[in-house]
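Quick note: numbers below take in every heavy atom, side chains included, and nothing from hydrogens, waters or symmetry partners. As the structure is a computational prediction, the values presented were derived from the model and not from experiment. Naming convention: chains lettered A, B, ... in sequence-line order (proteins, then strands); numbering from 1 in each chain.
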Number of protein chains: 4
Amino acid sequence: MTATTTVPPGPAAPRRGRPRDAQAEQAILQATVALLSEVGFNQLSIEAVAARAGVGKPTIYRRWPSKAELVLDAVDRLAPPFPTADTGDPLTDLRQIIPELLVRLTSSPVARATIALAGDPEMVSRLGERYLRPRREATADILHRAIAAGELRADIDVEMAIDMMVGALVYRWLVTAQPVDADTARRVVDMVWESLRAPGR
Amino acid sequence: MTATTTVPPGPAAPRRGRPRDAQAEQAILQATVALLSEVGFNQLSIEAVAARAGVGKPTIYRRWPSKAELVLDAVDRLAPPFPTADTGDPLTDLRQIIPELLVRLTSSPVARATIALAGDPEMVSRLGERYLRPRREATADILHRAIAAGELRADIDVEMAIDMMVGALVYRWLVTAQPVDADTARRVVDMVWESLRAPGR
Amino acid sequence: MTATTTVPPGPAAPRRGRPRDAQAEQAILQATVALLSEVGFNQLSIEAVAARAGVGKPTIYRRWPSKAELVLDAVDRLAPPFPTADTGDPLTDLRQIIPELLVRLTSSPVARATIALAGDPEMVSRLGERYLRPRREATADILHRAIAAGELRADIDVEMAIDMMVGALVYRWLVTAQPVDADTARRVVDMVWESLRAPGR
Amino acid sequence: MTATTTVPPGPAAPRRGRPRDAQAEQAILQATVALLSEVGFNQLSIEAVAARAGVGKPTIYRRWPSKAELVLDAVDRLAPPFPTADTGDPLTDLRQIIPELLVRLTSSPVARATIALAGDPEMVSRLGERYLRPRREATADILHRAIAAGELRADIDVEMAIDMMVGALVYRWLVTAQPVDADTARRVVDMVWESLRAPGR
DNA sequence: TTATAAACGAGACGGTACGTCCTGTCTTTTA
DNA sequence: TAAAAGACAGGACGTACCGTCTCGTTTATAA
């Protein structure tokens with residue numbers, strides 16, 4: 001999604017004047033990502049992004065009102081494509097989707113930089129809406145399928161289950177400052193699955 | 001612990017010249033905490049801290065080498081006192097210690113500001129050493145007692161169990177931007193406990 | 001004269017395409033004059049002129065290559081109509097023409113703005129050619145008539161005499177930042193006339 | 001005179017904190033003068049002055065609130081030392097002082113740049129107070145001595161006489177964009193002197 | 001009548017400079 | 001000798017204009 005400040009009123013809005021340069025936008029986002037992984041969020045300056053992208057500063061400010069918004073867009077643009085799985089077996093799906101998601105996330109060059117956004121509550125909710133929600137919903141679907149199939153208890157708190165799986169891994173990554181490997185991720189999935197299993201299965 | 005750059009050579013060292021003003025140090029830390037909760041880590045400036053504390057900038061730089069170190073100290077100084085529990089029953093202990101810890105943590109005015117420190121891997125490890133480790137170890141002790149008592153399986157990964165409990169709650173707090181209440185924390189504890197219980201108990 | 005960059009090749013050149021909008025030109029010049037008297041030459045921006053005139057910036061740049069040229073044209077367009085006099089008596093003519101000229105000049109809203117153009121030698125010569133020369137020549141004519149009539153000495157430096165009259169008044173206006181009144185102007189004329197009078201008259 | 005914004009309250013005011021660097025001030029004024037003669041007032045940027053002087057921009061803004069004030073000070077600092085004369089004969093004094101003053105003024109590398117200041121009435125009065133007034137008064141003294149000696153009429157307007165001499169020459173320099181030579185200046189002095197001479201001398 | 005050509009307003013473009021704020025250091029006076 | 005005060009060189013901020021360049025839309029002559 002593009003962070004245009006003025007949204008065109010409709011599909012047939014003519015947008016007078018010279019249109020915005022799509023190449024410039026690409027160059028800015030790429031420069032942002034490159035610099036994020038080089039110097040981190042706090043040391044990132046709009047000035048440097050403009051220089052690296054070969055673009056004037058106003059061209060950046062015309063599109064994004066702040067550094068945080070720019071980084072939000074850049075991270076979003078660069079987010080690893082969401083892994084999906086529907087093998088018919090929910091546990092297999094989970095064992096595939098969660099490790100892949102977390103491994104990708106925590107090995108992304110901008111992942112840690114993204115954390116700095118979490119200092120601002122507003123940014124957290126923006127990140128949540130654009131980045132986390134779709135991934136959460138896919139995971140929730142799998143769990144609901146498992147409940148429908150009788151594999152998991154019917155009274156479980158699906159949201160909490162997701163928080164346990166994702167939270168444990170993200171927290172571990174954050175605190176230990178080391179990437180999360182697929183094996184660890186799978187063990188977490190199994191532990192949570194075990195604690196939610198329907199009795200007698 | 002105070003981050004003095006020049007450590008006194010011994011307990012009986014007279015330290016020539018005018019001694020450092022302990023009041024100034026207090027004022028600086030208090031001003032830091034106040035500003036952290038007002039404007040957040042990213043917007044916090046040494047300049048503003050000095051002004052609010054009624055202190056010169058060099059007085060701050062003499063004691064702390066960077067904004068991050070200053071914040072680290074301020075957060076540490078303000079950290080809620082660590083809750084302990086040893087009722088004899090490990091589950092009761094966990095049900096007491098974890099909710100109290102998390103509720104305090106996530107309602108602290110500087111909690112969110114602390115997150116911003118996580119953007120810098122160096123700061124993460126510093127935070128971990130000074131703040132998280134003692135709390136982790138107390139929790140690990142409880143789990144080890146439970147294993148020794150035969151209440152939990154002997155082959156469990158204690159570190160991972162802690163990450164699941166704490167991570168789930170921290171992640172939920174971060175992502176939903178809402179405080180964590182004692183009831184939610186207790187449910188997480190119970191879920192994890194259940195998944196680790198020794199068979200037949 | 002309008003400072004068109006591309007001069008039409010002749011009076012009967014049809015110039016294909018849409019002709020330039022005369023209304024736009026008027027609006028631009030008027031906006032220029034208005035802004036000149038409001039903010040002065042140095043603070044005048046093409047951007048503001050375009051906005052005030054309800055015109056795009058290229059429409060201005062298409063006609064005038066620089067701010068100085070635009071202001072030159074605007075000043076020229078607004079110059080007070082040149083007073084003339086030929087009563088038969090040169091002193092009477094001078095007493096009429098010089099005060100009127102100077103009073104008009106120094107009370108014009110753009111007069112002071114014009115001074116700023118004098119910072120650029122190129123602009124000075126342009127201003128001289130277009131604005132000052134015709135007025136100078138009319139004044140010189142009067143002095144020459146006076147010489148021919150034997151009222152002034154034959155060996156006087158006419159150019160210098162003009163500089164004394166006009167220069168004294170312009171300088172006074174510039175330095176005292178007050179308008180020049182007709183009475184003062186007439187006294188200057190009389191002083192200079194006196195110092196140039198033919199002996200025995 | 002130095003354009004310190006905050007004037008020390010008295011001669012014995014200690015002024016706590018690090019004092020302003022006199023070398024920096026010199027470097028700034030010299031850089032200003034150099035750039036003025038290179039690019040003129042309108043093209044002069046504070047940025048370039050700071051770079052040339054090897055100084056941070058705030059160091060300039062701490063001392064001078066605007067480009068105009070800085071230039072005013074630089075011009076003042078560079079003003080040619082005021083020529084004086086008191087030979088006993090007022091006409092000789094005038095013939096000496098006026099040409100020297102005007103020749104110096106109009107040949108200074110920053111003279112034309114100074115003209116741009118005249119676009120702002122405020123600057124004109126500042127310039128007048130600091131630069132023109134003392135020179136005017138010296139000239140007025142000579143004329144008053146001549147009146148007292150009976151060489152000039154008692155009823156003359158001294159201010160106007162000065163405006164005629166100085167104004168004619170400045171105007172000529174401005175309009176013809178050529179330097180004023182000593183001979184021309186002397187002829188102007190003589191013309192004005194002649195028109196003011198007491199009858200019978 | 002239909003191209004073709006040029007001007008129109010709007011507004012984005014790469015830039016430069018603005019004047020402000022903050023950085024981390026250095027220098028002075030006071031205690 | 002550390003304190004406060006405050007100036008220092010430097011660098012990034014976000015803004016205002018610069019002068020140029022598309023855009024899509026008139027408006028007029030030429031084919």
Check: When you match D:Asp21 and C:Ser66 each to their closest nucleotide on DNA chain F, which lands nearer the 5' end?
Finding: D:Asp21

Notebook entry, point to check: Can we say A:Arg52 and A:Glu47 salt-bridge, meaning some charged N sits less than 4.0 Å from an Asp/Glu carboxylate O?
Noted result: no

Next item on the list: Would you mind telling me which residue lines up with the more 5' stretch of DNA chain E, C:Val55 or B:Ile46, judged by nearest nucleotide?
Entry: C:Val55

Check: Can C:Glu25 and C:Arg62 be counted as an ion pair, charged N to O under 4.0 angstrom?
Finding: no

Notebook entry, point to check: Would you say the side-chain atoms of C:Lys57 pair up with the backbone N or O of C:Val49, donor to acceptor, closer than 3.5 Å?
Noted result: no

Next item on the list: Measure from the side chain of B:Ser45, starting at C-beta and using heavy atoms only, and say which of E:dT25, F:dC18, E:dC22 lies closest.
Entry: E:dC22

Note to self: It should be established whether A:Arg63 places a side-chain nitrogen or oxygen under 4.0 Å from OP1 or OP2 of nucleotide E:dC13.
What the structure shows: yes

Note to self: Starting the side chain at C-beta, find the nucleotide from F:dA9, F:dA12, E:dG11 nearest to D:Ala24.
What the structure shows: F:dA9

Note to self: Check this one for me: any side-chain N or O of A:Arg18 less than 4.0 Å away from OP1 or OP2 of E:dA12?
What the structure shows: no

Next item on the list: Examine E:dG9: is either OP1 or OP2 under 4.0 Å from a nitrogen or oxygen in the side chain of C:Thr59? Give yes or no.
Entry: yes

Margin query: Would you compute the distance between atom CG of B:Leu35 and atom CD of B:Gln43 and round it to the nearest 0.5 angstrom?
Written below: 11.5 Å

Notebook entry, point to check: With nearest nucleotides of DNA chain E determined for C:Pro58 and B:Lys67 from heavy-atom distances, which residue corresponds to the more 5′ nucleotide?
Noted result: C:Pro58

Next item on the list: Specify the separation, in whole Å, of atom CD1 of C:Ile60 and atom C1' of F:dC18.
Entry: 12 Å

Notebook entry, point to check: Can we say B:Asp73 and B:Arg126 salt-bridge, meaning some charged N sits less than 4.0 Å from an Asp/Glu carboxylate O?
Noted result: no

Next item on the list: Using heavy atoms and a sub-4.0 Å distance, could you list which residues of residues 29-44 of chain C are near DNA chain E? By number, please.
Entry: none

Margin query: If I take atom CG from residue A:Leu29 and atom CZ from residue A:Arg63, how far apart are they, to the nearest 0.5 angstrom?
Written below: 9.0 Å

Note to self: Strictly below 4.0 Å: does D:Arg62 bring a side-chain N or O up to OP1 or OP2 of F:dC8?
What the structure shows: yes

Notebook entry, point to check: What's the OH-P distance between A:Tyr61 and E:dG15, to the nearest Å?
Noted result: 17 Å

Notebook entry, point to check: What nucleotide among E:dC8, F:dA12, F:dG19 has an atom nearest to a side-chain atom of C:Lys57?
Noted result: F:dG19

